[in-house]
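Comments concern the structure below.
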Amino acid sequence: MKLFIYHAPEETPTDKMPECAIAVDVLRATTTMATVLAGGGEAVQFFSDLDKLVEVSDKFPAEKRLRAGERGGAKVPGFDLGNSPLDCKQEVVEGKRLFISTTNGTRALQRIQEAKTVITGAFVNLTTVVEYLAKNQPENVWIVGSGWQGSYSLEDTACAGAIAAHLLEKTKLSIDEVAGNDEVVAAMALYSQWKDNLLQMFKHASHGKRLLGLDCNDDLKYCSEIDTLDVLPMQQEPGILKRQG
Ligand code: MLT
C-alpha cells in the first residue's frame with residue numbers, strides 16, 4: 001500500500017486514478033457529510049455547481065431532500081442549510097438525502113470520483129478511515145485535501161497526516177513502506193506537532209479565521225474532535241455517498 005497526499009485537488013495527477021481516493025475537507029464539508037450519514041441521512045449527493053444541484057434535486061421528492069449550499073463559508077440564499085455540521089442534527093437529516101455544494105470540498109470529491117473506491121475523511125471519523133485502509137490495503141491511495149481555491153489548507157493536511165500516522169501505528173508498516181510522496185512525511189510531522197491542540201491550530205488557519213469571522217466558533221470545536229462519529233461515507237454510485245456497512 002502506497003499513500004500519496006495532495007494538498008488541493010488541483011495538485012492531483014490528471015492521467016490516472018488510484019484504487020482508493022479519500023477527500024478531506026475538515027472545515028467543514030467532509031465533517032458535515034459524516035455527521036449527516038451518522039444521523040441517519042439516506043445519502044449525500046455532491047455537486048460543484050449550484051445550478052446543477054437545483055436541477056437534479058428538483059426531481060427528488062421534496063419531503064425527502066435537503067439542499068445545502070455554501071460559498072465563502074456562508075449559506076447560499078434560498079437553500080435549506082449552509083455547511084455547518086451543527087445544523088445537521090438527527091431530527092433534521094434522518095431519512096433525507098442531502099444535496100450539497102461547497103466552495104472546495106465538493107470540487108475535491110468531483111476530482112476523484114472516478115477512483116475505484118471513494119471515501120471521505122475528517123477528524124470526527126478518523127478511525128473508520130484508518131480501519132478501512134488497514135483492512136483492505138488498497139495498492140495506492142490518494143488523500144486529497146480540499147484546500148482553498150487551489151491552495152494549501154493547514155487543517156486538511158494535518159488530517160491527512162493523522163490518517164497516515166494512525167495507519168502506520170495500526171499496521172506496523174514503516175514510513176518508507178507507505179509514503180508515496182514527500183507530502184506524507186511532512187503531513188505526519190504537522191499532525192504530530194498539533195495533535196493535542198487541533199482547535200488552536202484551526203484558529204491559526206486561514207479558513208479557521210474566516211469561519212471565526214462568521215461566528216462559527218462552535219463549528220471549529222466540533223470539527224476538531226477526534227472519533228466522535230463511527231461512520232465511513234463511501235461513494236456508491238458517481239456523486240452519491242452512503243454510509244458504509
Ligand atoms: C469548502 O468546501 O470550502 C468548505 O467546506 C467551506 C466551509 O467551511 O463551509
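In this text, all values refer to a predicted model and were calculated from it rather than measured experimentally. Atoms within a ligand are numbered from 1 in the order they appear, just like the ligands themselves.
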Heteroatom proximity flag, Arg28 to ligand 1, N/O under 3.5 Å |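 Checking ligand 1 against Arg28, an N or O pair does fall under 3.5 Å apart.
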Determine whether the side chain, the backbone, both or neither of Asp25 has a heavy atom under 4.0 Å from any heavy atom of ligand 1.
->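 The part of Asp25 near ligand 1 is the side chain, not the backbone.
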Of the side chain and backbone of Glu70, name the one, both, or neither that has a heavy atom under 4.0 Å from an atom of ligand 1.
->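 The part of Glu70 near ligand 1 is the side chain, not the backbone.
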Spatial distance of atom CD1 (Ile119) from atom CD1 (Ile112) [nearest 0.5 Å] |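 The distance works out to 9.0 Å.
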In terms of side-chain heavy atoms, does Thr127 have a donor or acceptor partner in Asp227 at a distance below 3.5 Å?
->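 Asp227 and Thr127 do have a side-chain donor-acceptor pair below 3.5 Å.
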Does the gap between the ring centers of Trp148 and His7 come in under 6.0 Å?
->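 Distance test on ring centres: not under 6.0 Å, no.
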Atom indices of ligand 1 within 4.0 angstrom of [X] heavy atoms, with elements:
X: Gly105; result: 1 (C), 2 (O)
X: Ala29; result: 5 (O)
X: Trp148; result: 3 (O)

Over 12 non-hydrogen atoms of neighbours within 6.0 angstrom of CD in Glu139 |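 Count not over threshold, so no.
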Within 45 degrees of the axis of the six-membered ring of Trp142 and under 6.0 Å from its centre: does Arg111 put its NZ or CZ there?
->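 Geometry flag: not set, cation outside 6.0 Å or 45°.
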Pairwise side-chain contact, Lys2 with Val141, heavy-atom cut-off 4.5 Å (strictly under) |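 With C-beta onward as the side chain, the pair stays apart.
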State if His207 counts as touching ligand 1 under the rule of any non-hydrogen atom under 4.0 Å.
->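 Within the 4.0 Å threshold, so yes.
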Nearest protein heavy atom with distance in Å, relative to atom 3 (O) of ligand 1 =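 Result for atom 3 (O) of ligand 1: Asn104 ND2, 2.7 Å.
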Which is closest to atom 5 (O) of ligand 1 in terms of heavy atoms, Thr102, Asn83, Ile100?
->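 Nearest option to atom 5 (O) of ligand 1, by heavy atoms: Asn83.
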Criterion side chain to side chain contact (heavy atoms under 4.5 Å, CB included) against Leu241, the qualifying member of Leu98, Val44, Ile100 |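 That would be Val44.
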